[in-house]
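Throughout, a chain's letter reflects where its sequence line sits, starting with A, and its residues are numbered from 1. Just so it is clear, the structure is predicted and the values come from calculations on it, not from any experiment.
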Amino acid sequence: MMKNNNDDIFTAFIGAVLQQTEPLPAPVQLEFNKIDEAFTIIDIERLAELHPPLLAAYEETHNWLMYHSNERSKGLDVLPDSESEKENTTNPEISNAASDISDLTNLPKIINEIDTKVKPRGLKKILGKILQAGDSVQASRDTILSSIADSFTHD
Amino acid sequence: MLDKIWRFLKQLIQRILCAYTQYFNPPWPPPLVRGGTRKKILLPPLATAGGKEGTNLASPLSKGGLRGVLPTLTDAEYEAKLMKLLEWVNQGWGRGDVAEFLIAKQIKNGDLAAWLPRFGSRLLEGAQGSTASADAVSSLQELARGLEAEVWYKRGKEQNDLGLFEQAIASYEKALEFKPDFYQAWINRGCILCDNFNKYEEAIASFDKALEIKPDFDKAWYNMGIALDNFGKLEDAIASWDKALEIKPDEHNAWFNRGLALRKLGRLEEAIASYDKALEIKLDKEEAWFDRSGVLYHLGKLEEAIASCDKALEIKPDDHAAWKNRSIAVENAPKHRLLVYEILQGQFPKSPPVTRTLITHNLTQRGYEGQILTLKTGLEYCQQNTHPEGYGELHQALGDAHYSRGKLTSPNTYWNKATTNYQESLKTLTPDTFLKLHLQVLQKLIKTLVSLKQTDEANKLRRDATDLLQRLLKQQNYSQLTQQQLTDKLVSFEQLTVNIFMQSGQFAEALATAETDKNVCLSWLVDALPIPDYETEETVTHAQIQQLLNPTTAAIYWHLSDASLTTFIIKSDGLLSPETCFSDFPDELEKWVKEWNQQYTDYQSKEKTSQVNHPWRGGMASKFARLNAILKIDAIEQQLEGITQLILIPHRDLHRFPIHALFSRDFVVSYLPSAQFGLNLKHRLNPPTAANTANTPNTVGEWNSRLHRQNPPPRVEEGEVNSILSIENPNSIIIDENGKRKELLPLPAAEIESEIICRMFANSTRRGENAATLDEVTKLLPQPHNIFHFTGHGSYDFDNPQQSTLYLSDTHRLTVKEIIQLNLSNYKLICLSACETAVTDKQTILAEYVGLTSGFMRAGVGFVVSTLWPVQSGASTLLMIDFYRRWREEGDSLPVALANSQKWLQSATREDLAAWYQREIDKISENSSELSVAEVSLRRFFKSNQQNLAKMESDQPYQHPYYWAAFTLTGL
């Protein structure tokens with residue numbers, strides 16, 4: 001019943017890992033790797049609290065999500081077309097330029113990347129892979145970039 | 001011989017069919033020429049032989065015509081004549097020569113067409129194995145098919161001229177069977193579909209076909225524009241006319257229609273430029289001058305509008321609409337300016353200068369006097385015996401001018417003049433010929449007579465009008481007006497009864513009539529009855545309405561008619577008096593509603609990010625201050641000494657506005673669709689005893705019986721409110737205009753709202769995501785729940801209130817139609833934090849407002865909480881949770897809980913809100929040390945929202961009425 005809120009937590013966590021400028025400390029990375037496929041948001045909240053820079057980024061990202069989702073109203077707003085639908089009319093070069101995630105302080109851009117590139121492939125599934133990686137920070141970046149590459153080959 | 005035939009045929013096909021193409025291209029296929037509202041279709045001229053229009057070439061199927069007169073030729077004679085013909089054609093004969101030959105030789109096109117296939121078959125039989133002969137036959141058959149198609153095409157045109165449109169379409173389709181690339185047939189077919197059957201999509205497809213065959217055919221683009229315009233795709237229509245104009249830049253009709261479409265889009269300056277182009281090409285295009293004046297008026301260029309109107313009148317002095325337009329501009333223009341005429345003449349130097357209005361009649365006065373002079377001059381050109389419509393219309397306009405003047409000064413003098421003009425107008429605007437105009441003038445005449453307190457005469461006319469309408473509706477006589485238009489008129493005339501009673505000082509009768517009027521319309525709309533039934537509806541009296549009240553509770557009751565906005569203040573012990581019952585002109589309210597609708601429609605069309613500072617939202621407080629003045633809330637409050645609770649019973653559009661937010665004092669407010677609804681509820685909750693049965697209207701008893709006849713739900717004892725049915729954030733899909741599935745935006749805050757609220761009840765049944773199907777929800781609703789809480793999306797259907805809907809999973813919907821079939825009398829509360837009462841800027845509620853709330857009330861529920869516009873979900877969630885907490889945990893009644901929650905949200909500081917979030921966080925963890933997934937999600941949500949408070953600019957972030965005023969509570 002809390003699917004959208006859980007998705008927000010997963011999104012915020014992926015965004016937080018992505019914003020890390022250094023690899024996670026070894027003990028934290030070890031805890032990440034202990035997580036199995038059946039993880040829940042309870043695990044995510046616990047992991048976020050293990051590393052203060054990660055927690056700060058997680059909270060900031062989640063706050064941003066809440067702040068902007070609260071602007072939604074219960075009118076007849078529809079979801080924007082997904083990336084694949086848009087690509088029919090979009091020049092791939094433009095998509096490529098939009099996928100630049102070098103600016104890790106640009107939260108709207110990061111969220112947009114996760115929403116359009118990761119969410120359609122399953123937030124929890126991708127997050128599971130990031131948690132299992134040897135370097136979750138690098139894995140999160142690779143995931144975004146590979147998602148972009150996938151979008152070109154699959155669509 | 002076959003070789004000879006083949007050679008000739010080959011050349012024939014090259015020449016004839018080439019000539020045929022040119023010849024068959026009507027010089028101007030169907031220019032759907034439109035002039036303002038004056039639309040007409042001109043179909044292409046008949047494909048005639050060498051310009052010999054009128055030659056009666058009969059169809060191959062025709063049994064009469066020339067066939068009966070001319071001798072039938074033998075095959076040998078045909079063959080000989082064909083050979084001769086082919087020879088001439090080979091020597092360069094054109095189409096006209098061929099036709100003349102056919103006539104001279106007494107050969108009918110149709111006969112030739114019928115003979116050719118037979119001839120071809122014989123050739124084929126005699127020439128087996130020969131490629132050349134097979135080709136010859138094939139070409140011959142092709143020629144025959146072309147001729148056949150031509151005959152059907154002509155037949156279609158003839159049928160169209162006779163008004164046999166279905167047959168004409170069938171003929172064009174037959175022509176297309178013979179010759180699929182016959183683009184003229186596609187165009188004519190499209191024209192009929194568009195103009196005679198309003199089948200715009202099919203017409204567009206037909207024009208598309210024509211354009212596939214001949215993409216550079218300007219008339220196809222032109223007609224495509226007309227169809228697109230009619231279909232409401234104005235931008236596409238303009239693009240289509242632009243294409244036509246690329247090919248033929250001097251097509252004035254395309255420029256003119258383009259101007260009309262631009263005007264509809266509000267692109268007024270561009271519209272003027274387009275009209276000007278049309279006028280550069282055709283200076284005497286009266287409709288362009290006329291429409292141009294209307295646009296200039298809307299641009300506030302009043303003198304320019306008058307000058308443009310004068311140009312139209314120079315061309316067509318008996319155009320009553322132009323005289324009317326001129327009079328409106330003249331009334332509002334401050335001063336005549338000759339320079340404006342000179343500039344216009346400079347722009348169109350070859351157009352005849354304005355003399356009729358300026359020199360012949362010297363119409364240079366402005367204001368009311370100028371308006372009257374203009375209309376009276378118009379009457380010189382539109383006389384009673386020659387121009388019945390114009391005569392009636394201009395007298396109506398004179399009546400309107402006098403009536404408006406009377407509102408400002410010497411009412412009796414001017415209203416008497418208005419009466420005279422309306423009566424004069426009715427002499428020509430008779431019901432038999434001009435029903436719509438007749439009813440319109442009659443309505444105005446009654447309104448004026450009511451204002452003059454001539455109530456007997458007004459009542460007589462009203463009865464005549466309603467009798468006429470009832471008769472037409474019963475006879476299903478819809479020749480002039482549709483059933484909907486007739487019923488709308490009936491409702492408007494019935495509404496005037498209240499004003500007649502008010503003017504006579506019969507306040508109790510006025511109130512009872514207003515209530516009857518409401519209930520008739522509610523039944524009509526909720527039950528989708530064909531006609532509002534005024535004859536059998538029971539009356540609810542003032543005394544019965546007082547049963548809903550007590551010394552601290554009063555009811556404010558509004559009634560809106562074409563003539564006035566009437567307010568009744570009803571108290572438990574008071575009599576109705578001039579202090580508690582008063583009327584005013586409805587104009588100011590109508591203006592206010594129109595402005596609200598326009599701004600709201602624009603607001604809805606904007607991106608979320610630009611909505612925050614939109615004038616509709618930003619200017620809400622000042623708009624409510626204006627509404628407060630229009631509804632005379634101060635005067636109402638003066639009558640409310642000792643009153644703490646209010647029952648508000650609005651009417652029509654007033655249902656869409658937060659009247660509760662207009663009061664200066666803190667009243668506990670609930671709304672009712674009508675007093676009858678309140679009485680129904682009251683008598684169900686407290687069944688009538690012998691003591692109070694006498695005052696119970698029959699309909700209440702009948703209504704309750706209706707509920708009990710349906711399978712009653714298992715009873716829940718009074719006070720035992722412990723079971724909630726929660727439909728939360730379903731994955732809803734809508735199908736857009738292109739048939740594409742669109743997912744409605746998920747509402748994470750709504751999940752939180754539902755989770756917290758369900759925790760306040762011992763039993764909860766929850767469905768969300770894909771589980772909230774229509775079957776599931778309609779199965780669960782009749783089960784013994786007391787609360788139905790819906791978080792998701794909802795919408796109001798203006799055209800068909802029964803289709804107002806809550807969006808469930810996928811494309812499933814729960815509509816009013818389904819809701820009223822259910823017995824929901826077990827429900828204490830229906831909470832819809834989803835609905836909106838959106839209407840477009842062109843819509844006004846004429847009869848009564850019916851939406852989800854009235855649907856649920858009709859199904860027997862106690863209270864409905866709903867919203868008047870979509871509220872930002874963060875604020876909505878806060879208010880909803882707080883409302884339930886006050887009711888469930890603090891013991892407030894539902895009306896008190898909502899009033900307190902609204903007040904709290906309005907005044908809460910960031911510090912208050914932070915404390916509120918903290919209390920919610922503490923509550924989550926107070927019962928268990930180990931949190932569930934849902935609880936962790938709740939905690940994170942509240943924490944984030946708590947931290948986000950720092951980002952909010954205002955210390956009272958939700959003070960603005962946008963956040964709290966939208967919530968209303970309906971019920972008793």
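Within a 6.0 Å radius of NZ in A:Lys3, other residues, nucleotides and ligands contribute 12 heavy atoms or fewer.
Contact tally against chain A (heavy-atom pairs below 4.5 Å) for B:Ser732, B:Ser754, B:Ser937: the top residue is B:Ser937. If you tally non-hydrogen atom pairs under 4.5 Å between each of A:Thr40, A:Ile42, A:Ile44 and chain B, the highest count goes to A:Ile42. Ranked by heavy-atom pairs under 4.5 Å with chain A, the list B:Gln946, B:Lys951, B:Glu755 is led by B:Lys951. Most heavy-atom pairs under 4.5 Å with chain A: of the set B:Arg766, B:Glu728, B:Arg940, this distinction falls to B:Arg940.
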Steps toward side chain to side chain contact (heavy atoms under 4.5 Å, CB included) verdict (B:Val933, A:Asn6):
CA-CA 9 Å; B:Val933 167; A:Asn6 293 348; 4.0 Å; yes
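Under a 3.5 Å cut-off, the side chain of A:Asn63 and the backbone N or O of B:Asn948 do not form any donor-acceptor pair. Under the 3.5 Å distance criterion, the side-chain polar atoms of B:Glu751 are matched with a main-chain donor or acceptor of A:Asn5.
Atom CD of B:Glu769 sits about 11.5 Å away from atom CE of A:Met2, to the nearest 0.5 Å. Note that the CD atom of A:Glu60 and the OG atom of B:Ser944 stand 11.0 Å from one another [nearest 0.5 Å].
Residue B:Arg939 touches chain A through its side chain alone, counting heavy-atom pairs closer than 4.5 Å. Residue B:Leu931 touches chain A through its backbone alone, counting heavy-atom pairs closer than 4.5 Å. Of the two parts of B:Asp736, neither the backbone nor the side chain holds a non-hydrogen atom closer than 4.5 Å to a non-hydrogen atom of chain A. When heavy atoms are compared at a cutoff of 4.5 Å, A:Ile41 approaches chain B by way of both its backbone and its side chain.
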